[in-house]
There are 2 protein chains.
Amino acid sequence: MSTPSRRLREPEVNTTYLLGRAHKLLNQRIQEAVAAAGHPIRPAHSAVFVNIDRAGSRLTQLAERAAMSPQAMGELVDDLVRRGYLERVPDPADRRAKLIVLTDLGYDALQAAFDTILDIEAELVAELGAGGLATMQRALRRLAEED
Amino acid sequence: MSTPSRRLREPEVNTTYLLGRAHKLLNQRIQEAVAAAGHPIRPAHSAVFVNIDRAGSRLTQLAERAAMSPQAMGELVDDLVRRGYLERVPDPADRRAKLIVLTDLGYDALQAAFDTILDIEAELVAELGAGGLATMQRALRRLAEED
DNA sequence: GTATTTGTTCAAGTTCCCTGAACAACAGGA
DNA sequence: TCCTGTTGTTCAGGGAACTTGAACAAATAC
């Protein structure tokens, strides 16, 4: 106990940490812009908007894509239905299932998010140059592929 | 309602999303390596290890750096004290405060995390080249500075 | 020396996820 | 066709990781 004066082999930079910080910041910005556009959406709800098909998706599909349990996704959907962003319609192909589709209000919210993402991408080009951004994106994709 | 056949102005790439995916993957790897080294540390605990000074830190300092409430940080510290990774010692400079310091076991866990981070950095150099990695890090730092 | 701020802790509540269990509808084989 | 096993959803209960509010002692500021 008490200051073992240990010698640590310590990295100079932690790229993982930098990635986390950058992601958190940009993500917050998207959340805030959507809120500012008049949509009282909670952070967790983005899992729905990111994964839903324009023609509608089943709950199990959404859960699978978001890597979460169907029960958890169900609660997010319940909430967004209550707020008017989604509708559940019967799936004509399977009477057990329901298709979850965006309402007009849901499309508005999605467009607000897309607008902000477009702004961010434009800023990134201005900041890093088109080539620099493309290089970074390629690197990030390589990292994500490894799983 | 029902398939408004809306036209959406949609971004081609979402760099924010790519950043999130890459970060999640690398972070998981660090967590798993620390666990594999025999330290049953929960993800939230990393907020302590990332922010603690070698000479010890106050609870309020840790909370500030981790951008969370002192109460939440207090619970993380309680837990790590119970598990033997931290100690609370009186702060000689202020009798209200306590210095939170790493035990030998705490240093072991920190070194396990550092080892994995070093491995990851080496792999990133192999993957992207030293120059490519440096460029990406510079870009990430610029993004994070903006707050 | 009194008033305000600071550092910590107790208590209660929220968000966001989980597992287990139930039940109806589908799909395959005898 | 009936039986079995799987799939899609939902109800119920619980845990992890935060939050705010309130208390109290010790420091600091006039």
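Side chains are part of it too, since the values below use all heavy atoms of this structure and drop only hydrogens, waters and symmetry mates.
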Trainee: Do the side chains of E123(B) and R29(B) get close enough for a salt bridge, i.e. N-O under 4.0 angstrom?
Mentor: yes

Trainee: What integer distance in Å separates D79(A):CG from dT10(D):P?
Mentor: 14 Å

Trainee: Could you tell me how far apart Q71(A) (CD) and dC17(C) (P) are, to the nearest whole angstrom?
Mentor: 13 Å

Trainee: R95(B) side chain N/O closer than 4.0 Å to the phosphate oxygens (OP1, OP2) of dA25(D)?
Mentor: no

Trainee: With DNA chain C as reference, determine whether T60(B) or M73(A) sits nearer its 5' end, using the nearest nucleotide of each.
Mentor: T60(B)

Trainee: Determine, for E10(A) against R54(B), whether the closest basic-nitrogen to carboxylate-oxygen distance falls under 4.0 angstrom.
Mentor: yes

Trainee: Taking only side-chain N and O atoms of S69(A), does any of them lie within less than 4.0 angstrom of OP1 or OP2 on dC18(C)?
Mentor: yes

Trainee: For A44(A), report the nucleic acid contact type (base, sugar-phosphate, nothing); a contact means any heavy atom under 4.0 Å.
Mentor: sugar-phosphate

Trainee: Below 4.0 angstrom, N of the basic side chain to O of the carboxylate: do D78(B) and R83(B) qualify?
Mentor: no

Trainee: Among dT10(D), dA25(D), dT9(D), which nucleotide sits nearest the side chain of R88(A)?
Mentor: dT10(D)

Trainee: Do the side-chain N or O atoms of R96(B) get closer than 4.0 angstrom to the phosphate oxygens (OP1, OP2) of dT6(C)?
Mentor: no

Trainee: Between L76(B) and Q61(A), name the one whose nearest nucleotide on DNA chain D is closer to the 5' end.
Mentor: Q61(A)

Trainee: Verify the contact: side-chain N or O of R58(A) to OP1 or OP2 of dT9(D), cut-off strictly under 4.0 Å; return yes or no.
Mentor: no

